[in-house]
There are 2 protein chains.
Amino acid sequence: MSRASYRPITQGPSARPETWEETLSSVERAVTISQVAALAGVSTGTASKALNGRGALRPETRLRVQQAAERLGFVANAAARSLQTGRTYTVGMITTDSIGRFSIPLLIGAEDALGAGQMSVFLCDARDDPIREQYYLKTLLSRKVDGIIVTGRRTLARAPIGVRLPVPVVYAFISSADPDDCSVVPDEADGARRAIRHLLAIGRRRIAHVTGPEHHHSATIRASAAADALAAEGLTSAAPTLYGEWSEAWGRQAAGILLSTGADVDAVFCGSDQIARGLAEALRDAGRVIPRDVALVGFDNWDVMVEGCRPALTSVDMDLEGIGRTAAELLLQTINGDPVRGQHARPCRLVPRASTAV
Amino acid sequence: MSRASYRPITQGPSARPETWEETLSSVERAVTISQVAALAGVSTGTASKALNGRGALRPETRLRVQQAAERLGFVANAAARSLQTGRTYTVGMITTDSIGRFSIPLLIGAEDALGAGQMSVFLCDARDDPIREQYYLKTLLSRKVDGIIVTGRRTLARAPIGVRLPVPVVYAFISSADPDDCSVVPDEADGARRAIRHLLAIGRRRIAHVTGPEHHHSATIRASAAADALAAEGLTSAAPTLYGEWSEAWGRQAAGILLSTGADVDAVFCGSDQIARGLAEALRDAGRVIPRDVALVGFDNWDVMVEGCRPALTSVDMDLEGIGRTAAELLLQTINGDPVRGQHARPCRLVPRASTAV
DNA sequence: ATAGGCTAGGAAATCGATTGCCTAGACGCT
DNA sequence: AGCGTCTAGGCAATCGATTTCCTAGCCTAT
């Protein structure tokens, strides 16, 4: 626990230094614009104009101010600026569930797009706790962020984080239950279709589907899209969809089920890379050769899984980084006065590897 | 790309709404403390005191102000507050390399400790680019953060991010080359010793070590600590340390080397869980039974790896979340006037699983 | 020579909250 | 009754930067 010791600093000058600044050999007081102005021999107003390229100033004066700022190492106080301008050049990012494997690419993508717009990101980890979520929302509003991005693992559309908020909100990966809110999500059905079409293209016809829990939105939507894609070719699934968990263990177990029921499959589309990897292992142990006997497609394109799998795993990539970037871009657009509404589904990408190389 | 359309808003009232706020049916202007004060029938100063529990006020007045604030949904403007108080209740977190698997637990731990202190985190991803790093540093300083946490994948001590900064800095996971700076790092030697002692405790004597690249600080320090731990028992390594990559592929390859050289090993301590998992797979394929023939210990305790491994992998946990938490706590302590200096090494923890269960 | 226009830069209000100082009025004591 | 004390709460300065006026001085044109 941090010792929250707000000790008084009213001790003799010889006392042990008590605050951070006192411990510096020479105290580094923050440089203000008035100091810059004084050094350049102008007023603060003029200094401000010089540094922000506003107003009518002689180029020579402008330069003098800039050099003074440079020499003093002046950095404008963001609080003072935003108090005046109303803009903070800051956005909040609330992750509904804990920060995890899926949040990172989203975060990186968003950070990428926002950094280009010179904006900083407040990261808030709500940990699936509505109380924490509302607390963070309040904090972000008090900090007067210019906008908010809400992310979370995708199960179902979530309740809007707030109504009639004074700042724009964009949902990334997860979507808002209010169709009027702006959400950016992966088109998972598209991903499933790409997987099936890829398997069909390499000549497979007896295709099974093994995926996560049936109550998980991603599992059901991928399953039904896969079934539709097969139906479009006049085919049906080589076995009933196997619902389980998003784990390697379940993949291994599912392989056992497929083998024992004697289902004659020549390909399996898996709901996640972990499931696919488990399946691959168990199939190999059973003497099946991948992809000769059974071709395999995963979902997520998670580097350590697709590369660790033997053979390397073909997988569907949801482009989470792109989703994060798009969400941030739409947020910026909204902030800049061109509001964006509605749900935006982004296509997936199939990354072929050895597990489907014929 | 975001259309950075800073359009003028000087159009007739009938024009299409151009800014975010105009698109709200009723504009939600932020509530200020003067509005609260007016509603409560007091001055702004009094309102401030009432809401912050300061000054001498009648309980009844205090309550009246609080109720007014509640009714209006008042949230204090953080910029105005910090302009006055000098505190922002914000810290910056700069990740030297990109946000990745190691950063997340650090981030969560830090967020945990800071959130408890009501502080928010600015996340900055420097992506191994010194320019970006300095840019972010400047941004954080302009935002007057109360402190900075610097993290990054651990190779060697890094150059201090800045000298004589006006705010305290704590390095987490990575350490600063200046021994006077405050760094919180895992005691990797301790982790290696625990691994070896555990293997010795279950009766193994012919222990090999397979790890990452020799130029990687973590690899060499773990290797030498392991050798020392063996020497302490009068033993030597069963085979020369095998340096390679931090990957499953290298683990598989290393297994081949150990098997082909006929080294008679009954245990392998691996520099990472990925290496261990690769090794486990290859050993199994070669007919070796784990842990009966060969016991296995990994490093990192990365959930998906230790659980995906067959059998489940015993591993050394560096407690990254604890490191993040500690770093944040030391930072808070320093901010609160009780400066902390020097390098703090935190012990590791061995998590035994089936791969060493005798 | 003088009015008008233009330019460069200064003065001061402003953003919203905090806080030190001050005072009106209540109260108690002699 | 008069004086001192204490309490509750108001007033106004303050933080640092931006921005809107405003003006001194110069130039030009008639």
Rounded to whole Å, please give me the gap between [atom1] in [X] and [atom2] in [N].
X        : N       : atom1 : atom2 : answer
Phe74(B) : dT18(C) : CZ    : C1'   : 11 Å
Leu83(A) : dA17(C) : CG    : P     : 9 Å
Arg62(A) : dT7(C)  : CZ    : P     : 14 Å
Lys49(B) : dT18(C) : NZ    : P     : 11 Å
Asn77(A) : dG16(C) : CG    : C1'   : 14 Å
Ile33(B) : dT14(C) : CD1   : P     : 19 Å
Arg87(A) : dA17(D) : CZ    : C1'   : 17 Å
Gln84(A) : dC15(C) : CD    : C1'   : 6 Å

Does [N] have OP1 or OP2 sitting under 4.0 Å from an N or O in the side chain of [X]?
X        : N       : result
Arg54(B) : dT19(C) : yes
Arg58(A) : dA8(C)  : no
Thr46(B) : dG9(D)  : no
Asn52(B) : dA17(C) : no

Determine the contact category for [X]: base if any of its heavy atoms lies under 4.0 Å from a base atom, sugar-phosphate if only primed atoms, P, OP1 or OP2 are that close, otherwise nothing.
X        : value
Ala56(B) : base
Thr61(A) : sugar-phosphate
Thr32(B) : sugar-phosphate

Enumerate the salt bridge (Lys or Arg N to Asp or Glu O under 4.0 Å) contacts for residues 46-62 of chain B, please, sequence neighbours excluded, ordered by first and then second residue.
Arg58(B)-Glu60(B)
Minimum-distance nucleotide to Ser43(B) side chain [options: dG10(D), dG9(D), dA17(C)]:
dG10(D)
Hey, does the side-chain of Lys144(B) have a donor or acceptor N/O within less than 3.5 Å of a partner on the base of dG16(D)?
no
Taking every heavy atom of Ser176(B) against every heavy atom of Pro160(B), the minimum-distance pair comes out as OG-CG, 3.7 Å
What I want to check is whether the side chains of Arg143(B) and Ser120(A) have a donor and an acceptor closer together than 3.5 Å.
yes
Regarding Thr46(B) and Ser43(B), do their side chains bring together a donor and an acceptor under 3.5 Å, going by distance alone?
yes
Expected output: side-chain Asn52(B) to main-chain Ser48(B) donor-acceptor under 3.5 Å:
yes
